[in-house]
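For reference, the structure is listed below as C-alpha cells.
One-based numbering along the sequence shown. Note that the structure is predicted; figures quoted are calculated from it, not measured.
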Amino acid sequence: MLVSSHLPRWLEVLFTEKFFNGCIIHEEERKNEKNIYCLDCCTSLCPHCLSLHGSHRLLQIRRYVYQDVIRLDDAAKLVDCDYVQPYINNGAKVIFLNQRPQSRTRSSGNICSTCDRSLQDSYLFCCLSCKIDYLIRIEGSLSKFFFECVFLPLPESSFENGLMTPDSILEPVGPTRTSSGSDGYGGALASCDTIKIVKKKRSSITACRSVCSPVPEMSVGLMNNRRKKTPQRAPLY
C-alpha cells in the first residue's frame, strides 16, 4: 500500500481503507456494505450512514473481481488522472485504486511505469496509486497534481447500478477481441443464432404435425389384427 507524507490525508486513507465489509453500526440493516468514502471524515460508509454526511464530499467505491475502482469523472475532480488506463463499466469509465495481483511474467509490450502490468499503448499507469507512486519518486512534490474540490456528491444512480459485483463486466477502453480473432460479442451472437434455428425447426415440426391428418382408428385396428395366412402352392400343369 502507498503511504507517504506527501499525500493528503484523504488519499492516504483511501488507498488503505477496506471497503465492502458490513457496517457495524447498521449490521441489522439490509444493503449495509461500506461502499462510500467520505473525504472530509476519511472513513468508509454504508448507505445508511449518509444522513450524518449530507454536506460532505462523498466518493462512491465500486468493485470488480474483488478490486476497488472509482469513476474517472469523480477522480478527475480531485487528482490528475492523465495516463491512467480506464475501463468501461455500465457506460462509465472507471480506474483502479491500487495494484492488482499478477501471475504472468513481464510483458514485452507497453507496461505500467510502476508495476510492469501490461497496458494499452497510450497509457503509462494501471491504477491511481501507481501514478502517485511514480510522481513521488520523480517529481517529489504533488501539490500541482491535486485539485480543489469543495463539492462532490454521489451520482443519482449510484445505488441502482453503481455496485460492481465479481460477476460484472469490465472492459478496457477501445475494441477488444477474443483469442479466435472475433469480437467479444461474437460468441453470444452465434449462440443466439443457434437458438433461433433450433426454435424454427421445432416450430416447423409442430406445424407439420398439426397439418397432417391423423390415421383413422379403423385402419390402425386392421393393421394390428392382420395375421399371416398359410402359404399355398401354385397348381402344377
Side-chain angles (χ1 to χ4, degrees), residues 1-21 34-39 42-44 57-149 152 155 162-166 168-177:
M1 295 294 180
L2 181 60
V3 178
S4 172
S5 58
H6 297 281
L7 297 180
R9 175 63 179 168
W10 67 265
L11 185 60
E12 180 180 344
V13 175
L14 178 62
F15 284 147
T16 57
E17 185 74 356
K18 299 295 183 182
F19 295 98
F20 293 93
N21 294 324
K34 300 168 70 174
N35 60 347
I36 303 168
Y37 182 71
C38 180
L39 279 74
C42 296
T43 187
S44 56
R57 296 172 297 168
L58 302 174
L59 187 64
Q60 182 191 3
I61 309 299
R62 306 183 179 200
R63 172 159 285 197
Y64 175 72
V65 195
Y66 306 105
Q67 301 297 319
D68 298 330
V69 297
I70 56 177
R71 292 202 326 160
L72 179 59
D73 289 344
D74 295 336
K77 297 175 183 178
L78 303 167
V79 61
D80 185 351
C81 298
D82 290 347
Y83 304 108
V84 178
Q85 178 167 304
Y87 295 81
I88 297 294
N89 178 265
N90 294 334
K93 291 183 178 181
V94 297
I95 59 175
F96 284 95
L97 284 177
N98 294 298
Q99 297 180 19
R100 290 165 285 163
Q102 300 187 64
S103 57
R104 295 181 297 178
T105 57
R106 177 171 177 172
S107 174
S108 59
N110 187 43
I111 58 175
C112 176
S113 300
T114 300
C115 69
D116 297 337
R117 175 176 287 275
S118 297
L119 299 173
Q120 295 182 5
D121 291 338
S122 57
Y123 301 103
L124 300 177
F125 310 100
C126 70
C127 61
L128 183 58
S129 64
C130 280
K131 177 170 183 176
I132 298 300
D133 181 74
Y134 177 84
L135 293 177
I136 291 176
R137 290 186 286 108
I138 302 301
E139 299 287 339
S141 175
L142 299 176
S143 57
K144 63 180 180 180
F145 297 101
F146 290 97
F147 309 126
E148 186 68 24
C149 179
L152 187 64
L163 179 62
M164 298 170 63
T165 63
S168 301
I169 300 175
L170 190 68
E171 297 178 351
V173 176
T176 57
R177 307 186 73 84

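- The distance from atom CD1 of Ile132 to atom CG of Leu97, rounded to the nearest 0.5 Å, is 11.0 Å.
- Counting only distance, with no hydrogens or angles, the side chain of Arg62 and the backbone of Val94 share no donor-acceptor pair below 3.5 Å.
- Looking only at distances, a side-chain donor or acceptor of Gln85 sits under 3.5 Å from a matching main-chain atom of Gln120.
- Remark: Arg100 qualifies as a cation-pi partner of Phe96 under the 6.0 Å distance and 45° angle criteria applied to the six-membered ring.
- Note on Lys144 versus Asp80: no salt bridge recorded, every NZ/NE/NH1/NH2 to OD/OE distance being 4.0 Å or above.
- With Asn110 contributing its side chain and Leu124 its backbone, the two residues share no donor-acceptor pair below 3.5 Å.
- At distances below 3.5 Å, at least one donor-acceptor pair connects side-chain atoms of Arg117 with backbone N or O atoms of Pro101.
- The neighbour count for Tyr83 OH, taken as heavy atoms of other residues, nucleotides or ligands under 6.0 Å away, does not exceed 12.
- Counting heavy atoms of neighbouring residues, nucleotides and ligands inside a 6.0 Å radius, atom OH of Tyr134 does not exceed 12 of them.
- Between the side chain of Lys131 and the backbone N or O of Asp82 there is at least one donor-acceptor pair closer than 3.5 Å.
- Salt-bridge check for Arg137 with Asp133: passed, with a basic side-chain N closer than 4.0 Å to an acidic carboxylate O.
- A distance-only check finds no donor-acceptor pair linking the side chain of Gln60 to the backbone of Asp74 [under 3.5 Å].
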